[in-house]
Colleague: 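My questions will all concern the structure given below.
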Amino acid sequence: MNPPKEFSFAARLIAWQKSQGRHDLPWQGTGDAYRIWLSEIMLQQTQVATVIPYFRRFLAEFPTVTALAQAPLNAVLERWAGLGYYARARHLHRCAQQVAAAYGGHFPETPAELAALPGIGRSTAAAIAVFAFGTRAAILDGNVKRVLARYFGIEGFPGSAPVERRLWALAESLLPDADLEAYTQGLMDLGATVCRRSRPVCENCPVRPECVAFRKGRQVDLPTPRPRKALPERKTAMLLLMDEHTLLLERRPASGIWGGLLSLPEADWDAANQAADALAASHGCRILARALLPEVRHAFTHFRLNIRILSCRAEHFHGERAASEGHKDFPDRLHQIWLPRADVAKAALPAPVRRALAAIVAEDS
DNA sequence: GAGGCGTGGTC
DNA sequence: TGACCAAGCCT
């Protein structure tokens with residue numbers, strides 16, 4: 001037996017969202033499907049505070065879905081650099097092109113059509129449909145999983161298939177008949193500001209009375225943490241070939257870590273010096289000095305990466321550099337490029353590489 | 001269906 | 001300091 005409608009989970013969440021929720025985020029209050037879509041993609045696995053500056057810069061450079069569709073992929077990656085999960089940027093670009101070509105620059109309105117576009121899954125499709133078109137559809141992101149796992153006392157890692165199926169069913173069953181925007185936003189606001197992973201503020205929660213986790217004092221245990229494996233380790237050597245004004249970068253393959261970004265040419269850990277000599281020869285350079293930098297150790301979520309950087313000061317032989325090869329995944333851009341040192345800050349570089357380069361270049365000059 | 005994929009914040 | 005995770009999706 002459901003409680004009377006005015007006291008339902010959805011009704012109290014909607015009321016709470018209107019008085020206590022977030023209303024001033026840069027993508028709110030527009031109804032612009034392009035902005036809503038862009039924000040939803042950026043917000044996948046990424047916190048609001050991180051997204052906001054990227055969202056503003058992105059919108060300033062690509063004001064419409066058509067403008068985004070017409071931009072070269074590298075321009076998109078440059079604006080995305082530092083945000084992570086770069087497949088999102090490639091899918092975003094493809095999605096814009098499909099919306100421009102197949103829908104005349106207007107996003108489709110149904111969750112099914114939206115979910116058929118690159119980078120848009122079930123939850124993101126629902127969020128766009130709700131916020132842009134007022135559709136009645138359920139989302140299930142990290143916030144909602146946490147809220148529901150606690151409220152219903154659901155055991156088991158929410159990412160596992162059986163638990164996720166259950167959560168989807170609950171999310172669908174709780175949907176109100178109206179006010180979908182406030183309800184959907186309220187779920188995420190509650191998860192982000194009250195029903196936080198650590199130190200939840202239960203005294204501010206509008207649905208506390210029925211919350212199983214609260215009643216049993218199990219907020220700390222729910223949701224059940226992910227079962228963890230030991231992180232694998234990877235080693236790589238990166239070659240920094242530079243002269244007074246420029247440095248050599250290489251486009252990474254479209255798939256895998258840092259896919260599609262620029263980075264330093266890589267070589268075998270043990271053969272870095274020979275590789276640097278070969279690289280210099282192929283570019284008509286002579287290496288004047290080289291320095292092996294202390295090993296850099298990055299802890300990613302999914303593995304550990306140990307990097308050695310062999311920094312080579314080079315001098316040109318013939319004044320003209322060897323032709324760079326094209327890259328099958330990026331036909332509009334070169335596989336290897338010489339980048340002006342001054343442009344390191346705005347290039348599409350992974351964050352650790354950009355930081356390392358900035359330090360080395362500053363030291364060298 | 002399980003594994004891969006970034007970065008920055010929190011404790 | 002290292003473990004853990006955040007407005008998930010694709011392969």
Side-chain angles (χ1 to χ4, degrees), chain A residues 21-22 25-28 35-55 77 80-92 94-95 114-128 130-131 138-147 149 157-165 167-168 171 181 184-193 195-200 220 223-232 234 252-261 263 297-305 348-355:
Chain A
R22 297 173 290 187
L25 300 173
W27 43 86
Q28 288 181 318
R35 297 184 192 209
I36 291 164
W37 162 69
L38 177 61
S39 74
E40 291 299 334
I41 302 299
M42 286 186 165
L43 286 162
Q44 288 168 1
Q45 301 284 273
T46 310
Q47 297 189 352
V48 167
T50 303
V51 163
I52 287 176
Y54 283 88
F55 178 82
L77 289 171
W80 201 274
L83 201 49
Y85 282 136
Y86 299 97
R88 293 185 294 172
R90 301 193 303 272
H91 294 146
L92 187 88
R94 275 178 47 210
C95 182
L114 287 164
L117 292 165
I120 303 180
R122 180 174 176 181
S123 187
T124 300
I128 297 169
V130 167
F131 292 129
I139 63 165
L140 187 65
D141 59 19
N143 285 314
V144 183
K145 286 177 178 175
R146 185 169 55 256
V147 169
F157 171 55
S160 72
V163 177
E164 191 166 296
R165 274 195 297 277
L167 291 170
W168 267 117
E181 298 93 327
T184 304
Q185 187 64 48
L187 270 180
M188 295 191 287
D189 290 350
L190 191 72
T193 66
C195 196
R196 305 179 297 202
R197 182 173 63 85
S198 60
R199 296 184 302 110
V220 178
T224 306
R226 168 192 296 273
R228 285 287 171 185
K229 311 177 177 183
L231 289 184
R234 301 184 195 177
R252 298 184 64 90
S255 61
I257 187 74
W258 298 331
L261 271 68
S263 184
R297 189 178 167 88
H298 296 290
F300 293 80
T301 304
H302 315 287
F303 60 92
R304 296 182 200 286
L305 184 61
L349 295 169
V353 175
R354 186 169 62 245
R355 277 193 295 269

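Only this structure's heavy atoms are used, side chains among them; waters, hydrogens and symmetry mates stay out. Throughout, protein chains are lettered first and strands after them, A, B, ... in sequence-line order, and every chain is numbered starting at 1.
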Colleague: Between A:R94 and A:Q28, which residue's closest nucleotide on DNA chain C lies nearer the 5′ terminus?
Modeller: A:Q28
Colleague: Only counting residues at least two apart or in another chain, list the ones meeting salt bridge (charged side-chain N to carboxylate O under 4.0 Å, His left out) with A:R35.
Modeller: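 Partners of A:R35 under the salt bridge (charged side-chain N to carboxylate O under 4.0 Å, His left out) test: A:D32.
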Colleague: I need the CZ-C1' distance between A:R228 and C:dG2, as an integer number of Å.
Modeller: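 That distance rounds to 12 Å.
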Colleague: Rounded to whole angstroms, how far apart are CD1 on A:I139 and C1' on C:dG8?
Modeller: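 Going from CD1 in A:I139 over to C1' in C:dG8 covers 12 Å.
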Colleague: Kindly indicate whether the side chain of A:W27, heavy atoms from C-beta on, has any atom under 4.5 Å from the side chain of A:V51.
Modeller: yes
Colleague: Name the nucleic acid region contacted by A:R146, choosing base, sugar-phosphate or nothing; use a 4.0 angstrom heavy-atom cut-off, strictly under.
Modeller: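 The answer is sugar-phosphate, as A:R146 gets under 4.0 Å only of primed atoms, P, OP1 or OP2.
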Colleague: Just jot down the side chain to side chain donor-acceptor pair (under 3.5 Å) partners of A:R90, sequence neighbours excluded, or say none.
Modeller: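 Residues passing side chain to side chain donor-acceptor pair (under 3.5 Å) with A:R90: none at all.
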Colleague: Restricting to salt bridge (charged side-chain N to carboxylate O under 4.0 Å, His left out), what partner residues turn up for A:R122, sequence neighbours left out?
Modeller: A:E172
Colleague: At under 4.0 Å between heavy atoms, which parts of nucleotides 3-11 of chain B does protein reach? Answer with one letter per nucleotide, 5' to 3': B base, S sugar-phosphate only, - none.
Modeller: S-BBBSB-S
Colleague: Taking salt bridge (charged side-chain N to carboxylate O under 4.0 Å, His left out) as the test, write out the residues that go with A:R297, two or more places apart.
Modeller: A:E233
Colleague: Once you round it to whole Å, what is the distance between P of C:dC4 and CG of A:L231?
Modeller: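 One finds 9 Å between P of C:dC4 and CG of A:L231, rounded.
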Colleague: Identify whether any heavy atom of A:W80 sits under 4.0 Å from a base atom; if not, whether one sits that close to sugar-phosphate; answer base, sugar-phosphate or nothing.
Modeller: nothing
Colleague: Can a side chain N or O of A:R304 be found less than 4.0 Å away from OP1 or OP2 on C:dA3?
Modeller: yes
Colleague: Using whole Å, report how far CD1 of A:I41 lies from C1' of C:dC9.
Modeller: 9 Å
Colleague: With A:D189, which residues qualify under salt bridge (charged side-chain N to carboxylate O under 4.0 Å, His left out), at least two apart?
Modeller: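 For A:D189 the salt bridge (charged side-chain N to carboxylate O under 4.0 Å, His left out) partners, ignoring immediate neighbours, are A:R22.
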Colleague: Looking across every strand, which nucleic acid part, if any, lies under 4.0 Å from A:E164 by heavy atom: base, sugar-phosphate, or nothing?
Modeller: nothing
Colleague: So, for A:W258 and A:F300, is the gap between ring centers shorter than 6.0 Å?
Modeller: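 Under 6.0 Å, so yes.
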Colleague: Quickly work out the A:L114 CG to C:dC10 C1' distance and round it to whole Å.
Modeller: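 Roughly 17 Å, once rounded to whole Å.
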Colleague: Tell me: CG of A:L187 to C1' of C:dG8, nearest whole Å?
Modeller: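 Atom CG in A:L187 sits about 16 Å away from atom C1' in C:dG8.
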Colleague: Mind checking A:L117 for me? I need base, sugar-phosphate or nothing, with any heavy atom below 4.0 Å counting as a touch.
Modeller: sugar-phosphate
